[in-house]
Amino acid sequence: MATASAPGKVILIGEHFVVEDEPAIAVAVDLRARVSVEALQGDFRIIVESPGLRACTVFKGKEEEKGDVLYPVFYAARSAMQRIGAIKPLYIRVESDIPPAAGMGSSAAVAVATVAATMAELGREIDEEDVSRIAYLSERIVHGKPSGIDNTISTYGGAIAYRKSEGFIRLQADFSPISLVLSDSGIPRSTGEMVAKVRSLKERYPTVMDPLYHAAGRLAIEVGKALERGDFQTVGDLMNINHGLLSAVGVSNMELERLVHASRKLGALGAKITGAGGGGFVVALCWREDEDRIMGGLRKVSERVMATRISEEGVIVER
Ligand code: PMV
């Protein structure tokens with residue numbers, strides 16, 4: 001049996017705009033998905049079990065299996081085996097600390113960990129580029145047109161600036177003075193649907209939307225520079241502007257606005273939707289010393305409030 005884990009993420013700047021090739025910035029956080037894979041004997045089948053989702057499915061690669069909630073895990077494992085050129089029956093167990101459907105990259109982290117654990121179980125060295133690329137294929141099943149930022153940050157960890165056509169660069173930033181406080185709107189949503197909604201708005205009003213995309217790209221470049229010089233005040237200001245753009249493209253709602261404004265009022269340096277929006281989490285950038293106070297205040301308006309740390313660790317094979 002082989003086990004691998006991979007981190008969830010927070011997008012600091014640029015979700016949605018990154019789908020149309022603008023740059024974006026993401027950090028890996030200290031919540032992880034953990035996947036164990038065991039090769040079985042006998043006929044081809046992949047059994048996927050997720051105690052968290054209370055689901056267990058036996059996949060044989062049939063058309064009707066495609067709608068299953070665990071199908072992307074099967075797809076990631078089968079794609080990893082196709083890459084290696086060895087198809088075996090498998091048992092896969094998925095566990096995750098990352099809240100699902102909340103904008104924190106849980107599906108990508110599960111895909112990355114599944115690919116890495118499958119390769120490890122079949123005795124292959126883990127090549128990060130391969131892992132990320134194969135995980136992307138499974139993300140395409142979940143989201144339709146993913147930018148690739150989620151599987152990239154989950155594979156490599158740390159903080160990255162990412163652009164679809166160019167790949168990523170690692171940002172050298174010291175995050176020790178700050179904390180990312182996340183508050184949950186409690187509204188689940190589908191990334192694929194939100195991405196389709198924003199793209200349709202862009203298609204209908206290109207002359208209005210194009211400058212917003214351009215502005216988002218500039219924001220990401222400025223945030224990259226500000227992070228590297230440790231200027232978190234500027235990062236916060238730019239996150240606020242980014243939230244305005246996300247509202248403009250239609251992915252905010254009353255609940256998310258309430259959390260964004262509560263975070264700012266409590267003293268966050270900046271606050272915005274993170275991930276696809278429509279629900280999920282709001283991220284607030286805070287000085288570390290303000291973390292407890294801001295979390296206390298947010299607990300009055302959100303059922304789930306968490307503080308996360310940036311994690312340098314990307315995908316790892318644990319055993
Ligand atoms: O909400 P999440 O964690 O699935 O993040 C999606 C980020 C988007 O930019 C909205 C989509 C993408 O593929 O980049």
Side-chain angles (χ1 to χ4, degrees), residues 6-29 31-33 69 72 76 96-113 132-133 135-156 160-168 180 182-202 209 212-213 216-217 219-220 223 239 242-243 245-253 255-256 259 272-283 306 308:
K9 62 97 222 283
V10 166
I11 297 185
L12 284 185
I13 291 284
E15 50 276 270
H16 286 292
F17 308 105
V18 68
V19 173
E20 303 296 338
D21 206 28
E22 292 297 340
I25 293 184
V27 294
V29 295
L31 298 171
R32 299 181 75 83
V69 61
S96 177
D97 322 322
I98 309 163
M104 295 192 65
S106 106
S107 64
V110 168
V112 166
S132 181
R133 201 177 41 75
Y136 176 77
L137 300 178
S138 132
E139 280 286 277
R140 270 210 316 228
I141 297 194
V142 188
H143 300 322
K145 196 191 181 208
S147 63
I149 192 169
D150 284 13
N151 50 285
T152 304
I153 187 65
S154 186
T155 302
Y156 293 94
I160 63 165
Y162 175 87
R163 188 168 199 171
K164 208 167 160 180
S165 59
E166 291 173 11
F168 74 98
L180 297 177
L182 292 150
S183 51
D184 190 357
S185 68
I187 307 170
R189 84 287 176 284
S190 138
T191 299
E193 279 167 25
M194 297 311 291
V195 168
K197 181 176 165 192
V198 173
R199 291 182 68 213
S200 126
L201 202 62
K202 186 171 189 308
M209 295 285 275
L212 301 184
Y213 277 70
L219 279 176
V223 166
M239 284 169 69
N242 190 179
H243 179 75
L245 294 181
L246 289 168
S247 298
V249 301
V251 300
S252 192
N253 58 31
E255 201 47 47
L256 291 166
L259 296 176
K272 63 181 272 291
I273 288 169
T274 186
F281 280 87
V282 160
V283 58
M306 309 184 293
T308 53

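Every number for a ligand or one of its atoms is a count from 1 in the order of the listing.
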Trainee: Take K164 and V18 through the test side chain to side chain contact (heavy atoms under 4.5 Å, CB included) and record every step on the way to the result.
Mentor: CA-CA 7 Å; K164 208 167 160 180; V18 68; 5.7 Å; no
Trainee: Going by the side-chain contact (heavy atoms from CB on, under 4.5 Å) test, name the single residue among D150, I98, L31 that passes it with S106.
Mentor: I98
Trainee: Looking only at non-hydrogen atoms, find the nearest pair between A76 and S138 and report the distance.
Mentor: CB-CB, 3.9 Å
Trainee: Give me the one residue out of I273, V27, T274, I11 that meets side-chain contact (heavy atoms from CB on, under 4.5 Å) with V283.
Mentor: T274
Trainee: By salt bridge (charged side-chain N to carboxylate O under 4.0 Å, His left out), which residues pair with D184, not counting sequence neighbours?
Mentor: R304
Trainee: With a 4.0 angstrom cut-off on heavy atoms, strictly below it, pick out the residues next to ligand 1 and order them by chain and number.
Mentor: K9, I11, E15, H16, V18, V19, G103, M104, G105, H143, P146, S147, I149, D150, R189, T191, V195, G275, A276
Trainee: Assess whether a salt bridge exists between E15 and K272, defined as any Lys/Arg side-chain N lying under 4.0 Å from an Asp/Glu carboxylate O.
Mentor: yes
